[in-house]
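Accompanying notes for the structure given below.
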Amino acid sequence: MLFKGNLNEIEVAHDDRVTDVATTPLTLNAAECALDDKIEGHYSSSTFASSISEEADSLDDSLREKGSVEKEKCSAQAAGDGDPDDSPFEVVRAAVGNTDNPEMPSMTFRSNVLGIFFVCLISFVNQFYWERDNPIALNLLIVQLLCYPMGIAMAWGLPKRTWNTFGYKWSMNPGPFTIKEHVLISLMSNASAYMALTVDIFAVLRLYYNPDFSLWTALTLLLSGQLFAYALAGLSRSLLVLPAPMIWPSSLVNASLFRTFHEHDSYADTKGVSSSDTDTNVDTKENADIHQNNNSPMGSSRRGRWHFGALPKTSRTQFFWICFAGSFVWYFVPGYLLQVLSTISVLCLVAPNNHLANLIGDGKQGLGVLSFSLDWSVFSNAFLNSPIATPFWAACNLFIGFVLVFWVALPIAYFKNLWGSATLPLYGANVYTTNSTLYNISRVMRNGVFDDQAYESYSPLRMSLEFSWVYGIGFAALMSILVHIALYNGKEIIARVRETKTKHDDVHGKLIMQYPAVKAWWYLIMLVVSCVSGIAVGIGAKIGVPWWGYIVSFAIAIVLIIPVGIIQAVSNRQPGLSLVAELLSGIVLQGIPTGYSILKLYGHGSLAQALSYAQDMKLAHYMKIPPRHVLVYQVVGILISVVIQTCLFFWLIDHIPGMCRPEGYPWVCRSTNLVYSASIIWNLIGPLKVFGEGSPYSPLLWGFLFGLFLPIPIYFLQRRFPSNRLLKNIYIPVILSGIVGLPPMPPVDFPMWFLFGFVFNFLIHRYWNMWWQRYNFTLSAGLDSGLALSGIFQFMALSQNGIKLDWWGNQVDRQCPLSSKPWITS
């Protein structure tokens with residue numbers, strides 16, 4: 001998904017003015033605002049966001065279409081706002097152009113260089129930070145923003161000479177930087193979307209199950225998994241990409257962003273002005289709009305009640321570099337000089353020897369009450385993504401779930417010793433024995449597999465109360481997502497499936513047919529080779545999974561790709577795939593802990609990645625990118641990202657003492673340790689023992705029934721009171737997903753993330769809307785980029801050369817020394 005961020009949203013309206021927006025020279029944020037301004041009164045806001053662990057985007061339910069393709073065509077013709085050969089869906093007509101220029105360059109020297117540069121940058125940065133205490137992730141919005149001026153600069157400065165290489169003529173500079181080049185660069189960069197999460201699987205094998213697990217084995221298995229996912233997406237193209245009813249709403253957002261950049265250029269060219277001149281004209285127009293709003297009776301509308309006299313004359317590019325420089329310099333303070341600023345626990349500072357204050361106040365291992373941070377990596381973390389890019393209604397739903405569970409229900413249950421939980425630490429992803437010691441898997445394993453007799457003589461598994469609740473709430477979230485989709489999108493999904501026979505009935509399907517298609521047998525060969533190589537390498541490396549375990553893993557992804565893909569393509573919602581994979585792995589491969597890694601790689605990871613590739617293919621379809629160019633760029637992106645992220649992680653393991661352990665701070669590998677614990681719960685011991693009869697955690701299975709019924713009353717209340725703004729913004733799947741990332745996320749991250757979102761996406765958006773339009777996303781991109789490069793510089797220039805500061809300001813575990821201890825000790 002190109003516009004990454006767990007809950008990114010740009011709402012799309014459907015009146016005539018939106019069509020004008022797509023064809024007039026607006027800036028990025030001005031276009032977003034113009035689209036957003038027309039939402040109210042046209043569509044009800046029925047969006048939900050996918051679970052945080054699945055890293056899925058969400059859009060407003062305004063993107064849902066009404067009626068069949070033929071009815072849409074008739075209504076478009078009757079309204080006079082559509083060509084009968086154009087897309088039958090209004091949101092597609094508003095966001096995507098219905099013309100194409102086959103002569104426009106796409107695969108060029110510029111796109112090759114920038115694509116490789118950005119896929120290397122994104123892969124390296126995201127993997128580098130993934131194992132740190134507060135991981136961050138550079139999203140693809142940064143690529144979209146940065147590669148545009150770089151492409152323009154290359155078009156201005158590169159020689160235009162034509163070269164002849166063995167009869168193939170090419171040029172470094174074929175002309176102006178084109179929208180097709182821009183899209184291909186983004187597609188290549190997006191190949192690393194789920195890679196860091198997948199690398200965790202092999203980290204567990206290397207660190208906990210097989211110390212001899214080699215880099216080459218990991219590279220081969222990960223590459224086979226990614227190519228399997230890509231082949232699966234390619235073979236599903238005729239059902240998930242080509243049909244007009246499969247609109248993939250998030251792709252429309254990206255199409256609008258690309259058009260905003262490049263149609264602005266076309267307009268400037270026709271007027272004979274430079275880009276800088278046009279930007280100045282836009283700035284002047286924005287300032288004029290402010291004065292007009294202030295002088296009009298509507299000056300205090302949702303545009304903003306309070307205004308600056310005029311927007312600063314700083315361009316977005318200048319503002320980006322100011323934010324970048326400030327973030328780069330400041331991160332030296334919480335990242336190197338004074339690391340305690342990353343999490344400041346007020347209650348612990350006031351009462352460091354009070355056990356209760358430690359448990360309530362610790363932002364790392366406690367409840368995080370009255371904890372705060374001065375570290376941007378806490379605000380914009382990889383678990384929740386940038387708070388600026390998350391719509392405020394979604395942030396409120398998530399935070400409600402966090403408060404109700406983490407700050408209300410959890411302390412009550414913990415201090416009442418529910419299920420004996422007070423004899424274990426309050427928060428964490430570790431698993432324990434009944435006497436509160438860490439679970440020693442070697443005591444219940446014989447020859448690499450589970451030994452039932454040894455388990456009975458050792459100890460049942462126990463986990464922290466919050467960790468166990470995450471699974472129970474996850475069960476409820478999974479069912480609520482399915483029920484929510486059935487209630488809000490069921491009829492539409494059925495109608496879209498029936499309409500797939502009209503897959504080439506719109507202009508986009510016809511225009512893309514002029515380019516050579518990728519042969520189905522190409523994808524089929526890729527699928528077979530990736531499956532065979534994965535099985536051969538896995539068995540040869542003695543991972544411990546039988547051959548049929550690999551077949552089951554492949555089968556899960558193959559069976560689910562079409563139904564799940566149709567749901568996501570129509571509703572922009574993806575059911576919780578991770579929990580489904582864990583349940584199946586625990587049933588099919590129980591007793592084989594390494595089976596968790598294989599099934600997560602091929603059954604869950606490949607399926608999630610295949611859906612991401614399919615969505616990217618739909619974007620390329622909308623933007624009329626030659627399919628074979630898309631194939632080349634996506635496969636090259638996969639190859640580069642696999643090599644960089646796998647090699648980097650293995651290098652970090654070999655060069656950082658105490659990696660993935662508390663003594664290795666900040667390299668504590670929260671996600672990796674969670675995967676290790678999950679492999680014990682689901683595969684080594686198995687769900688029947690952990691959640692079955694006789695286990696204290698068996699009541700968690702009621703979560704399935706709870707999630708099945710909870711969305712129903714909300715749905716009927718929203719239909720009964722459609723004008724109630726509070727009610728229509730309640731989304732049960734989003735509320736339930738608010739707690740799913742805890743653990744591994746540090747508790748302090750959530751309130752800090754919500755606070756920053758409240759300031760920017762509510763206060764500034766409401767009262768200084770023109771500033772918000774112009775700088776909001778640029779601020780996020782600048783802060784993320786500056787922090788990322790600052791952390792890498794500190795590691796390479798200082799930490800690797802032994803230049804460390806050992807003083808109380810960097811003793812991050814001294815603030816709350818008692819928070820890791822259980823409330824009740826024997």
Side-chain angles (χ1 to χ4, degrees), residues 200-201 203-213 365 414 417-472 542-546 549 582-600 660-663 669 672-701 743-744 820-826:
D200 278 338
I201 296 170
V204 169
L205 291 176
R206 167 71 181 269
L207 292 170
Y208 300 106
Y209 291 113
N210 184 2
D212 297 326
F213 187 73
Q365 301 180 83
Y414 181 77
N417 197 26
L418 177 67
W419 304 338
S421 58
T423 63
L424 302 173
L426 172 62
Y427 181 77
N430 293 322
V431 290
Y432 303 89
T433 63
T434 52
N435 61 5
S436 305
T437 59
L438 288 175
Y439 208 87
N440 185 353
I441 60 174
S442 64
R443 296 283 299 274
V444 297
M445 293 177 64
R446 295 290 183 273
N447 299 320
V449 297
F450 179 73
D451 187 309
D452 192 72
Q453 186 176 2
Y455 172 79
E456 294 297 332
S457 63
Y458 180 50
S459 171
L461 180 142
R462 296 291 181 263
M463 49 186 146
S464 69
L465 186 61
E466 167 59 18
F467 192 15
S468 67
W469 279 12
V470 163
Y471 287 117
K542 298 181 180 179
I543 292 178
V545 179
E582 288 172 337
L583 284 168
L584 291 174
S585 69
I587 295 172
V588 177
L589 297 173
Q590 191 275 326
I592 306 175
T594 53
Y596 182 88
S597 298
I598 297 302
L599 199 139
K600 286 284 282 187
C660 296
R661 291 174 175 81
E663 59 269 23
C669 308
T672 300
N673 289 326
L674 176 66
V675 172
Y676 169 62
S677 295
S679 70
I680 299 174
I681 294 169
W682 293 103
N683 280 78
L684 178 60
I685 298 176
L688 296 180
K689 283 185 169 56
V690 175
F691 300 105
E693 185 178 356
S695 168
Y697 307 120
S698 60
L700 295 174
L701 297 177
S820 61
K821 296 183 178 180
W823 177 243
I824 298 177
T825 56
S826 56

Please tell me if the side chains of [X] and [Y] come closer than 4.5 Å, counting only heavy atoms from C-beta onward.
X	Y	value
Asn673	Tyr208	yes
Ile592	Pro546	yes
Pro593	Ile441	no
Val444	Asp451	no
Phe450	Asn683	no
Pro425	Pro822	yes
Arg462	Ser421	no
Pro460	Thr434	yes

From [X] [atom1] over to [Y] [atom2], what is the distance, rounded to the nearest 0.5 angstrom?
X	Y	atom1	atom2	answer
Ile824	Asn417	CD1	CG	4.0 Å
Ser464	Leu426	OG	CG	7.5 Å
Thr437	Tyr432	OG1	OH	10.0 Å
Asn210	Leu205	CG	CG	7.5 Å
Met445	Leu684	CE	CG	6.0 Å
Leu418	Trp469	CG	CH2	6.5 Å

Do any pairs count as a side chain to side chain donor-acceptor pair (under 3.5 Å) and have a residue in residues 439-448, sequence neighbours left out, and if so which ones? Asn440-Ser442

Candidate pair Phe213 and Ile543, rule side-chain contact (heavy atoms from CB on, under 4.5 Å), full reasoning: CA-CA 8 Å; Phe213 187 73; Ile543 292 178; 4.1 Å; yes

Look only at the side chain of Ser585 and the backbone of Leu599, and say whether a donor-acceptor pair between them is shorter than 3.5 Å. no

Could you tell me whether the side chain of Ser468 and the main chain of Met463 form a donor-acceptor pair under 3.5 Å? no

Take Ile681 and Val431 through the side-chain contact (heavy atoms from CB on, under 4.5 Å) test and state the conclusion after the steps. CA-CA 8 Å; Ile681 294 169; Val431 290; 4.1 Å; yes

Carefully, step by step, assess Glu466 and Tyr414 under the rule side-chain contact (heavy atoms from CB on, under 4.5 Å). CA-CA 9 Å; Glu466 167 59 18; Tyr414 181 77; over 6 Å; no

Could you walk me through whether Tyr209 and Ser679 satisfy the side-chain contact (heavy atoms from CB on, under 4.5 Å) test, starting with their C-alpha distance in whole Å, then the side-chain angles of each, then the deciding distance to 0.1 Å, before giving a yes or no? CA-CA 11 Å; Tyr209 291 113; Ser679 70; 2.7 Å; yes

Extract all donor-acceptor atom pairs below 3.5 Å that involve side chains of residues 685-695 and protein atoms in other chains or at least two apart in sequence.
unit_1 : atom_1 : unit_2 : atom_2 : d
Lys689 : NZ     : Asp452 : OD1    : 3.0
Ser695 : OG     : Val690 : O      : 2.5
Ser695 : OG     : Tyr697 : N      : 3.1

Do you know which two heavy atoms are closest between [X] and [Y], and how far apart they sit?
X	Y	value
Val204	Thr672	CG2-O, 3.5 Å
Pro743	Leu674	O-CD2, 4.1 Å
Tyr427	Gln365	CB-O, 3.4 Å

Considering the options Leu583, Leu584, Leu589, which one meets the side-chain contact (heavy atoms from CB on, under 4.5 Å) requirement together with Trp682? Leu583

Tell me if the aromatic rings of Phe467 and Tyr471 count as close, with their centers under 6.0 Å from one another. yes

